[in-house]
Structures are given as C-alpha cells and as structure tokens.
Protein chains: 2
Amino acid sequence: MTRNPNMREAILSAAESLFSTRGFNAVSIRDIALEAGANPGSVTYHFKSKDGLLLEIYKRHCGPMNKRRIELLVAARRVRDVQDRLEAVVRAYVQPAFSSSSDLAGGGARFTRLRAVMSAEGNAVVGRIIAEIFDDTTNAFIEAIEQSLPHLPRKTLVWRSQFLLGALYYTLVNPERVTRLSRGEADGADMAEAIEQLVSATVASLQAPDINGQAAAEPAAKAGARKAPAGSRSRPA
Amino acid sequence: MTRNPNMREAILSAAESLFSTRGFNAVSIRDIALEAGANPGSVTYHFKSKDGLLLEIYKRHCGPMNKRRIELLVAARRVRDVQDRLEAVVRAYVQPAFSSSSDLAGGGARFTRLRAVMSAEGNAVVGRIIAEIFDDTTNAFIEAIEQSLPHLPRKTLVWRSQFLLGALYYTLVNPERVTRLSRGEADGADMAEAIEQLVSATVASLQAPDINGQAAAEPAAKAGARKAPAGSRSRPA
DNA sequence: TTTTCTTTTGTACAGATGTACAAATTATCA
DNA sequence: TGATAATTTGTACATCTGTACAAAAGAAAA
C-alpha cells in the first residue's frame with residue numbers, strides 16, 4: 001500500500017481522540033495531522049473534508065456498537081427472573097457504550113465520549129445520525145424495559161432513559177470529578193466500577209413509582225405487593 | 001450613560017445564549033456582537049478578551065445559584081420525615097439548576113446548559129472555577145444525603161451524584177430527544193416536569209443498595225433491617 | 001458653554017483555518 | 001523491468017479569528 005499502511009486509521013484514531021476531548025471546532029485539521037504523523041493534505045485526501053472525517057468516525061462505530069447492544073438485549077430478554085432481567089437489559093445498554101467488543105482502538109468509551117461532546121456542541125453533522133441510528137436501538141430498549149415494568153407509562157421510561165444516557169455521557173466526559181469528590185476513595189476512570197454503579201443506580205431509578213402519585217409497585221411478580229413508603233415521594237408534575 | 005445603557009448586559013446575554021448552544025470555539029466575537037447589536041470592538045472593551053467574557057458569565061451566575069442551593073438545602077435538612085427530607089435535599093440541588101431565583105435573563109437553565117457544554121469541551125478557563133466553586137456546594141449536598149442514607153459508603157454517593165449531574169446536564173442539552181422518543185407524549189423542554197421526573201428517579205437511585213452485595217436497607221430508620229433477596233445485586237429499597 | 005470621562009465605532013493586523021491542487025513519492029501490476 | 005494507480009507532500013489562497021488602537025460620538029461635570 002503505502003509508507004504507513006494504517007495512515008487512514010491513524011488519522012481516524014487521532015481525530016477521534018482529539019474531538020472527544022476538545023470538541024469539534026477546537027481541533028484543526030493540522031492538529032489531527034500532527035497527532036497522526038500525517039500531512040494535513042493527506043487528511044482531506046482520505047476524508048474529503050473535516051465533516052467527512054467526523055462522519056466516517058460515526059460510520060465506523062455506530063454499527064458494531066448497536067449490533068452488540070442488540071445481541072446483549074436479545075440475551076437479556078431471555079433471563080427468567082424479572083429483577084435479573086431488568087438489570088440485564090440495562091447492562092446490555094450500558095456495557096457496549098463503555099467498551100465496544102470491536103477491536104477499534106480505544107474501544108467504545110472514546111466514541112461514546114465523542115458522542116457526548118458532539119451532542120453538547122449541538123453539532124449539526126451528527127444530529128441526523130443520532131436521531132436516525134440510535135433512536136431505533138433506544139426504542140428497542142425502552143420496549144424491553146416496558147415489559148419488565150408494565151405499570152409505568154412510556155413517557156416516564158423515556159425520561160429515565162434520558163437520565164441514564166446523560167449519566168453515562170457525563171461519567172465519560174468528566175471522570176476526574178468522581179475521583180476528586182470521593183477524595184481518592186473512588187476512581188472515576190475505572191470503567192468496570194462505573195458500569196456497576198450506573199447499572200445498579202439505574203435499575204433502582206427505573207423501579208421508582210411514577211410521579212403521578214401512584215403506589216410503588218414491586219418490579220413485577222415474585223415480591224408480595226408492598227405499599228409505597230408513607231410520606232410519599234410523589235408530587236404533582 | 002450611553003446609547004444603549006444595557007449594552008454590557010446585551011453582550012453577556014448574547015454570549016451566554018450562543019455559547020450554551022454552540023460551544024465556546026464555534027462562536028466568534030463577531031457572532032456575539034451581531035446577536036447583541038453591538039460592535040465587535042465593544043466586546044473587548046467591556047470584557048478585555050473572549051475568555052474574560054466567559055469568566056464574567058460564570059461570575060455572574062455562580063454566586064446566586066449556589067446561594068439559592070444552600071438556602072434550599074438548609075430548609076430541606078429541617079424536614080422531619082426521612083423520606084421527604086431526602087427528596088427535599090435532591091430537589092434543593094436540582095431546582096436552582098433549572099430556574100435560578102435571580103432575575104438574570106434566561107434563568108438558571110441557560111447557565112446550567114452552558115456549564116454542561118463547557119464541561120464537555122474540556123474548557124480550560126472554567127475548569128478551575130468548577131472545581132473550586134461547585135465542589136464545596138456539592139460536598140454539602142453529599143453530606144446531607146449521607147445523613148439520610150448512613151449505610152451507604154461515601155464513594156457510592158459520589159457516583160450517584162455524578163449520575164445526577166449528568167442527567168441534569170443532558171436534559172438541558174438535548175431536550176428534543178425526550179419529545180422525539182416519547183412520540184409527543186412528553187415535552188423535553190418542560191422544565192417543571194423534568195425536575196419532578198429527575199427528582200423522583202434520583203431519590204430512588206440514591207436508595208438503591210450498595211453494589212457490594214450488602215443488604216438493602218430501608219432509607220434510614222423507620223423500617224427494620226431487611227436482608228437482600230438472593231440472586232441479585234440490586235433491589236429497590 | 002467647555003472640559004473630561006466613558007463608550008462606541010471602524011479599521012487594521014498577524015495568525016489560524018478549511019480546502020484545493022500540482023508535484024513528488026511510493027505501491028501495484030502488466 | 002516499465003506503466004499505471006494510489007498516496008503523500010508542499011504550497012497557496014481566501015476567509016475567519018482574537019485583539020489592538022485611534023478616531024468619533026456621546027454623557028457628565030465644570
């Protein structure tokens with residue numbers, strides 16, 4: 001091929017790394033070229049434009065990540081125990097976002113962080129992609145959760161899925177904050193722990209009663225009906 | 001004073017609006033001047049530099065927002081019922097982020113959105129501010145939550161506060177997603193509902209058992225110790 | 001009024017930016 | 001090998017960037 005058979009990859013990787021930490025506009029093509037050990041002109045040769053480069057990064061990751069998610073989701077739906085199944089569903093959503101099964105350098109975490117940053121910047125190029133590609137997957141998850149928590153209105157599940165995604169994003173964007181606030185007790189960059197903490201917190205939040213004053217229902221079967229604690233956590237919307 | 005006695009304010013407001021939607025680097029001083037109906041030179045006259053402008057926005061909001069938070073926190077700590085108190089504490093953290101009590105245009109939501117965007121971009125100028133100003137307030141909240149949930153290790157509460165902040169940020173950054181995914185059932189821009197949903201979900205997630213396999217404990221006193229059910233890690237409290 | 005201070009304007013500049021493109025280099029294949 | 005295609009390089013260009021600064025305009029005080 002050429003001198004560096006992975007020049008295209010190197011540029012993609014460098015761009016991914018820089019975009020995901022500094023944002024899109026703060027990174028110049030020259031920055032990317034420098035980081036990748038390439039010539040600036042080489043970037044436009046391979047990807048036509050800066051937008052094209054960003055687009056290619058998305059094309060590269062979206063497929064594998066959502067494929068993995070759906071695989072895990074299918075497996076999760078087969079879990080018998082209602083409680084375990086809900087947890088497995090949430091885990092199927094969270095896990096690939098932190099570490100993709102594909103061998104792309106950096107794994108899924110870096111790409112998820114990139115998505116978080118692009119989302120915050122309101123990047124127009126990726127706006128469409130998100131809605132078109134990710135909404136399908138998200139809907140599949142919401143439906144799966146609906147099956148475990150049939151007493152909750154879909155709208156409430158959407159809100160909670162929004163909180164989950166936000167939590168996930170921010171954990172990847174600003175892990176130092178966890179380390180700092182915990183005074184060294186926790187390591188915000190520890191992805192394994194982040195996943196466990198996020199899954200456990202999310203499962204609990206999904207099981208919360210709806211805000212419209214209904215009683216808390218136990219996940220589904222298995223546990224005898226227990227009333228919501230007195231003092232009521234629900235408030236008018 | 002001058003032709004437009006609020007020119008300084010107009011510039012601040014325009015900058016806040018543009019930064020919070022497009023990010024820092026995507027917005028030029030000329031963009032801000034245009035939006036504010038001012039001359040580009042006037043921006044550097046009032047704020048010295050683009051960084052200075054961003055800094056001034058933070059100075060403007062940090063004080064009032066955290067003051068309000070502490071006020072509400074103090075009131076929340078006086079709530080008798082344990083469950084209600086926890087909810088009040090969470091609400092005291094969330095509410096000022098969505099709508100500041102100060103009369104600054106746009107309220108707290110726009111500034112919180114700005115913080116989210118700057119955080120995602122890894123903006124160096126505001127990095128220090130966040131750590132110095134906001135960590136104090138956050139610590140006060142974590143301590144208050146610790147009082148309601150004394151069985152949970154601090155580290156777990158830090159993780160969950162991270163998830164809360166992420167959820168909060170993302171709700172402001174991308175409200176359209178809620179509207180879209182709920183197929184019109186919910187309005188992601190409805191701040192009142194966002195607050196209620198976020199508070200209720202967060203209270204539940206805070207009450208989740210710790211991930212280290214310990215028994216789920218009822219919120220605090222009030223309920224006798226209950227062992228964690230076999231087979232799974234997480235359970236609603 | 002005149003004087004003094006504050007604010008706004010217009011212009012200028014050095015540097016960075018995205019991108020185009022021809023020339024040079026390297027790989028592929030006959 | 002030589003011929004052809006693919007890649008890399010270097011340079012150039014128009015535009016935008018943050019900022020500086022002198023001149024103009026306006027307000028405040030004498």
Side-chain angles (χ1 to χ4, degrees), chain A residues 1-60 114 117-118 121-127, chain B residues 1-60 114 117-118 121-127:
Chain A
M1 313 219 169
T2 108
R3 279 244 281 271
N4 179 356
N6 297 320
M7 188 50 94
R8 207 187 118 99
E9 302 291 331
I11 293 170
L12 273 171
S13 181
E16 205 178 303
S17 168
L18 291 173
F19 286 159
S20 73
T21 50
R22 297 191 213 159
F24 185 75
N25 290 282
V27 176
S28 72
I29 289 187
R30 285 164 180 84
D31 290 338
I32 296 167
L34 189 72
E35 178 90 357
N39 187 284
S42 190
V43 176
T44 66
Y45 169 74
H46 282 290
F47 305 100
K48 188 72 185 171
S49 71
K50 200 182 168 189
D51 282 354
L53 176 52
L54 181 62
L55 218 60
E56 191 59 33
I57 294 174
Y58 270 75
K59 277 191 196 161
R60 181 54 73 90
L114 176 67
V117 175
M118 293 305 133
E121 281 186 326
N123 188 295
V125 179
V126 305
Chain B
M1 305 225 174
T2 105
R3 281 243 278 271
N4 179 355
N6 298 322
M7 189 48 95
R8 207 186 118 99
E9 302 291 332
I11 293 170
L12 273 172
S13 181
E16 206 177 302
S17 169
L18 291 174
F19 285 158
S20 72
T21 49
R22 296 191 214 161
F24 186 73
N25 290 284
V27 176
S28 73
I29 289 187
R30 286 165 179 84
D31 291 336
I32 297 167
L34 189 72
E35 177 90 357
N39 187 284
S42 189
V43 176
T44 66
Y45 168 75
H46 283 290
F47 304 100
K48 188 71 186 171
S49 71
K50 200 183 168 189
D51 282 352
L53 176 52
L54 180 61
L55 218 61
E56 190 60 32
I57 293 174
Y58 270 75
K59 278 191 194 160
R60 181 56 74 91
L114 176 67
V117 175
M118 294 303 133
E121 281 186 326
N123 189 295
V125 178
V126 305

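Quick note on labels: first sequence line is chain A, next is B, and so on, each numbered from 1.
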Find the distance A/Ile32:CD1 to C/dT17:C1' and express it as a whole number of Å. 12 Å
Would you mind reading off the distance between A/Phe47 atom CZ and C/dG18 atom P, rounded to a whole angstrom? 15 Å
Let me know the distance between CG of B/Asn25 and P of C/dA16, rounded to the nearest Å. 15 Å
Closest to side chain of B/Ser28, choosing from C/dT9, D/dT8, D/dG18: D/dG18
Taking 4.0 Å as the cut-off, does a side-chain nitrogen or oxygen of B/His46 come that near to OP1 or OP2 on C/dT6? no
5' precedence on DNA chain D between A/Arg30 and A/Asn39 (nearest-nucleotide basis): A/Asn39
In whole angstroms, the gap separating P of D/dT19 from CG of B/Leu53 amounts to 10 Å
Search all heavy atoms of B/Glu121 against all heavy atoms of B/Gly23 and return the closest pair with its distance. OE2-CA, 3.6 Å
At less than 4.0 Å, is any side-chain N or O atom of A/Tyr45 found next to OP1 or OP2 of D/dT7? Yes or no. yes
From C/dT8, C/dT19, D/dT19, nucleotide with atom closest to A/Lys50 side chain: C/dT19
CE of A/Met7 versus P of D/dT8: gap in Å, rounded? 6 Å
Interatomic distance where CG belongs to A/Leu34 and P belongs to C/dG18 [whole Å]: 14 Å
Closest to the B/Thr44 side chain: D/dT19, D/dT7, C/dT19? D/dT19
Applying a 4.0 Å non-hydrogen cut-off, can you work out what B/Val43 is touching in the nucleic acid: base, sugar-phosphate, or nothing? nothing
Using the side chain to side chain contact (heavy atoms under 4.5 Å, CB included) rule, pick out the option among A/Ile32, A/Asn123, A/Val117, A/Asp31 that qualifies with A/Phe19. A/Ile32
Taking atom P of C/dG15 as reference, at what distance in whole Å does atom CD1 of B/Ile29 sit? 18 Å
When the distance from CG of B/Asn6 to P of C/dT6 is rounded to whole Å, what number comes out? 19 Å
Indicate the atoms forming the closest heavy-atom contact of B/Ala14 with B/Glu35, along with that distance. CB-CG, 3.5 Å
Under the criterion side chain to side chain contact (heavy atoms under 4.5 Å, CB included), which of A/Val43, A/Ile29, A/Leu55 is the partner of A/Lys50? A/Ile29
Salt-bridge test for B/Glu9 and B/Arg60: reply yes if a basic N is under 4.0 Å from a carboxylate O, no otherwise. yes
